[in-house]
Every structure is written in structure tokens, then in C-alpha cells.
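Notes follow once the structure below has been shown.
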2 protein chains.
Amino acid sequence: MQPDGSPPRSESRADDVAAWESVRDRLRARGLRWTPQRRALVAVLSQTRGHVTGADLIERCREQDPSTIPSTVYRTLDVLEDLGIVRHGHGPDGREEYHVLPDAEHGHLHCRACGAAWEITKDEGATIVASLEAARGFAVDLSHVTIVGRCRSCR
Amino acid sequence: MQPDGSPPRSESRADDVAAWESVRDRLRARGLRWTPQRRALVAVLSQTRGHVTGADLIERCREQDPSTIPSTVYRTLDVLEDLGIVRHGHGPDGREEYHVLPDAEHGHLHCRACGAAWEITKDEGATIVASLEAARGFAVDLSHVTIVGRCRSCR
DNA sequence: GCCGTTGTTGCAACTCATTGCAGCAAGCGG
DNA sequence: CCGCTTGCTGCAATGAGTTGCAACAACGGC
Ligand SMILES: [Mn+2]
Ligand SMILES: [Mn+2]
Ligand SMILES: [Zn+2]
Ligand SMILES: [Zn+2]
């Protein structure tokens with residue numbers, strides 16, 4: 001129930017390092033290639049935790065290499081998402097947001113009035129997931145869920 | 001639990017006619033103006049039921065008047081949403097979708113695998129709304145909720 | 001180390017949506 | 001009917017993201 005102020009960057013933890021180092025092999029295991037452009041994006045991602053937009057990532061890649069091309073970044077993000085390395089959701093405006101190495105799967109809650117945001121933890125989300133599972137046999141992707149409304153203090 | 005195949009257009013019902021006719025007065029009551037551009041969009045909307053994207057609406061306005069300007073349409077949609085005449089949600093890709101005179105407030109459910117879509121009825125949504133209300137005092141806007149995952153037959 | 005296959009990149013064009021601003025006009029008051 | 005105020009429109013620029021395609025290059029095989 002804390003406002004969502006997760007810092008965009010932080011130092012990598014030891015077990016995260018391993019996760020990033022495996023990316024190359026995971027790509028090659030699927031017949032995909034380990035290119036300089038992908039290396040660059042993975043390097044940026046490995047310095048990142050929490051939430052980032054595609055545009056953020058492009059900007060950060062450009063800091064390293066100004067010749068970075070947006071479509072390449074977005075296509076690489078698609079590939080990394082297929083591999084389960086990142087996941088995306090959408091802000092209240094529909095804009096994409098990537099979850100990078102989240103400590104736990106979670107959704108998002110946004111107050112339309114004050115703009116504050118919170119994470120919907122896996123526990124809290126369980127109610128939602130269970131109800132659609134029971135009613136329709138539907139498997140909810142909690143990390144893609146964004147719920148908008150008014151928070152307690154704005155009501 | 002029917003796939004969401006709501007037809008984009010249909011004849012207006014008697015009580016809907018009244019709703020659209022009141023738009024002019026509702027605008028003026030707020031000190032806003034009843035312009036030819038707004039008249040045109042309201043005319044298009046009054047021929048519409050179910051879900052439409054902003055781009056759809058622009059296209060339909062252009063059929064009547066090719067000089068229609070996108071920003072004017074989007075701004076008018078914002079005004080109409082303020083007045084509670086339309087509401088928007090977002091598709092799984094984040095693109096805007098307007099609900100026009102829905103029979104009842106509802107959310108949306110999309111299968112990532114087969115692309116099928118369903119409405120989350122107010123009853124079904126009640127579980128979600130109630131859990132966030134109880135846990136956080138948060139008032140969920142069900143019509144803005146889009147949940148993505150895998151449907152029973154795609155699992 | 002060279003070659004060929006095929007996954008990737010760069011690029012340009014395009015879609016959807018938003019914003020700042022100057023000129024325009026709806027609607028009110030006289 | 002006229003003029004003023006102020007909300008609205010048109011337009012041009014901008015931002016986010018996607019797509020088709022031809023040239024390129026990763027990397028497995030020889
Ligand atoms: Mn929205
Ligand atoms: Mn999505
Ligand atoms: Zn709030
Ligand atoms: Zn499905």
C-alpha cells in the first residue's frame with residue numbers, strides 16, 4: 001500500500017547477474033542470434049529494476065550508442081518477452097511499461113485523480129485471478145493488469 | 001460468456017434518442033459550446049452502439065465531412081467523457097476504445113492466444129471491485145478494466 | 001578461415017494520439 | 001442586429017510504436 005516509487009536503477013544482485021548472462025544462451029538455444037544491438041539492450045536492462053517504458057530504454061541505449069534504432073529495441077523487447085525475461089503492462093494511458101526482473105509478479109493500480117500508483121501484489125491479485133479462473137477457466141496475466149479508479153483519499 | 005461480437009452500429013432506441021438530444025443542453029449548462037464539429041461527432045455516435053476506437057470515429061465523421069480534424073474529434077471525446085456520455089477503455093495493445101451507451105457497465109477480457117474477447121459483466125466484476133474496495137478503499141472503474149490472458153480452450 | 005542460410009538490422013513510411021498556439025466563432029448582453 | 005468574451009478549431013509539430021523490405025551479418029558447417 002506504498003505509493004509506487006520504485007527506483008528505475010539499482011545495482012544488480014548476484015543471482016540476477018546469472019539471469020542476464022544466460023540470455024545469450026537462451027537466444028541461441030532457440031536459433032536466435034546474439035547481436036551487438038541485443039547485447040546493448042541487455043546491458044541496459046541489467047542495470048535496471050522495476051518499471052521502464054520502451055522510450056526510456058531507447059533513450060538509455062542512446063546514451064551508450066546514439067545510433068540506436070527504436071524498431072530494433074522494440075523488436076528485441078518482444079523477443080526478450082517471449083523468453084520470459086521481461087514482461088510488459090500498460091499505464092493508465094495505454095502506454096507500454098516493462099517489468100524488469102520483478103521481485104514478484106504483480107499488477108498495477110492507478111488513481112485517476114491524484115495520479116498515485118500502487119502494485120497489486122500476487123496475494124491481492126489472487127482474488128481476481130481465482131474469480132476468472134472459476135467463472136471461465138481463464139488464466140489471467142496479472143503482470144498485464146492495470147486498474148484505474150479513485151484512491152481512498154481522493155474519493 | 002459469448003465472444004464479443006457486438007455490432008458497431010444499430011438503430012437508436014427511443015430512450016437513447018433523448019440521451020443524445022440532451023447533449024447540447026448539457027454542454028451549454030457547463031458554459032461549453034455546441035459547434036458543427038461536435039454536432040457531427042454526436043450524430044455519428046448516436047448511430048453507434050458497443051465499442052469503437054477513436055480512429056473509427058474519425059473515419060466515420062470523414063464519411064460525412066472529409067475535412068474532419070483528428071484533434072478536434074479526440075478533444076470532443078474528452079469533453080463527452082467528462083459529461084459521462086461515453087467512456088473509454090484500452091484494448092490489449094493499449095489502444096483506446098470507446099463504450100457508447102453500453103447496456104451496462106462492463107470490463108473486457110482478451111485471450112492472448114486466439115484473440116477472442118468477452119465482456120466482464122458488472123456481476124463478474126463485482127468480485128474485483130469489492131476486493132480492492134475492501135483492501136484499499138479503492139473505487140475501481142470497471143469500464144476501464146482490460147484483462148489479458150489465455151482462455152479455457154487455448155490453455 | 002570461408003560460405004551459405006536465415007535471422008536481424010536500418011530505414012522509411014505509416015498509424016494513433018497529444019499539444020501549443022493563433023485565429024475563429026458560439027452565444028450572451030445590450 | 002452588433003460587439004465581446006472566451007471556448008473551440010485548424011494546423012503543424014511531436015511522441016510512441018509498428019511494419020515491410022532490402023541489405024547485412026551471426027554462426028554452424030565444411
Ligand atoms: Mn485510459
Ligand atoms: Mn499489452
Ligand atoms: Zn488519488
Ligand atoms: Zn483463446
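Heavy-atom basis, side chains included; hydrogens, waters and symmetry copies ignored. Since we're looking at a predicted model, the values are computed, not measured.
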Output the rounded distance in Å from [atom1] ([X]) to [atom2] ([N]).
{"X": "Trp34(B)", "N": "dA25(C)", "atom1": "CH2", "atom2": "P", "result": "18 Å"}
{"X": "Leu27(B)", "N": "dT6(D)", "atom1": "CG", "atom2": "P", "result": "19 Å"}
{"X": "Asp56(A)", "N": "dG17(D)", "atom1": "CG", "atom2": "C1'", "result": "14 Å"}
{"X": "Arg75(B)", "N": "dT6(D)", "atom1": "CZ", "atom2": "P", "result": "20 Å"}
{"X": "Arg62(B)", "N": "dG10(D)", "atom1": "CZ", "atom2": "C1'", "result": "12 Å"}
{"X": "Arg33(B)", "N": "dT9(D)", "atom1": "CZ", "atom2": "P", "result": "10 Å"}
{"X": "Arg38(A)", "N": "dA26(D)", "atom1": "CZ", "atom2": "C1'", "result": "10 Å"}
{"X": "Ile69(B)", "N": "dT18(C)", "atom1": "CD1", "atom2": "P", "result": "16 Å"}

What's the shortest heavy-atom distance between Val148(B) and Pro92(B), and which atoms?
CG2-CB, 3.9 Å
Where His90(B) and Thr146(B) come nearest, the two heavy atoms and their spacing
O-OG1, 2.6 Å
Counting only side-chain N and O atoms of [X], is one of them less than 4.0 Å from OP1 or OP2 of [N]?
{"X": "Thr35(A)", "N": "dT9(C)", "result": "yes"}
{"X": "Gln37(A)", "N": "dA25(D)", "result": "no"}
{"X": "Arg28(B)", "N": "dG7(D)", "result": "no"}
{"X": "Arg95(B)", "N": "dA17(C)", "result": "no"}
{"X": "Tyr74(A)", "N": "dG17(D)", "result": "yes"}

Given that Pro36(B) and Glu96(B) both sit by DNA chain C, which one's nearest nucleotide is further toward the 5' end?
Glu96(B)
Surrounding CD of Glu59(A) (heavy atoms of other residues, nucleotides or ligands, distance under 6.0 Å), is the total greater than 12?
no
For a quick check under 3.5 Å, do Asp25(A) and Ser22(A) share a side-chain donor-acceptor pair by atom type?
no
Indicate, with a heavy-atom threshold strictly under 4.0 Å, whether Ser71(A) touches base, sugar-phosphate, or nothing.
base
By the 4.0 Å heavy-atom rule, please label Gly31(B) as base, sugar-phosphate, or nothing.
sugar-phosphate
Look at the aromatic rings of His99(B) and His106(B) and report parallel, tilted or perpendicular, splitting at 30° and 60°.
parallel
On DNA chain D, compare the nucleotides closest to Glu97(A) and Arg24(A); which residue's is nearer the 5' end?
Glu97(A)
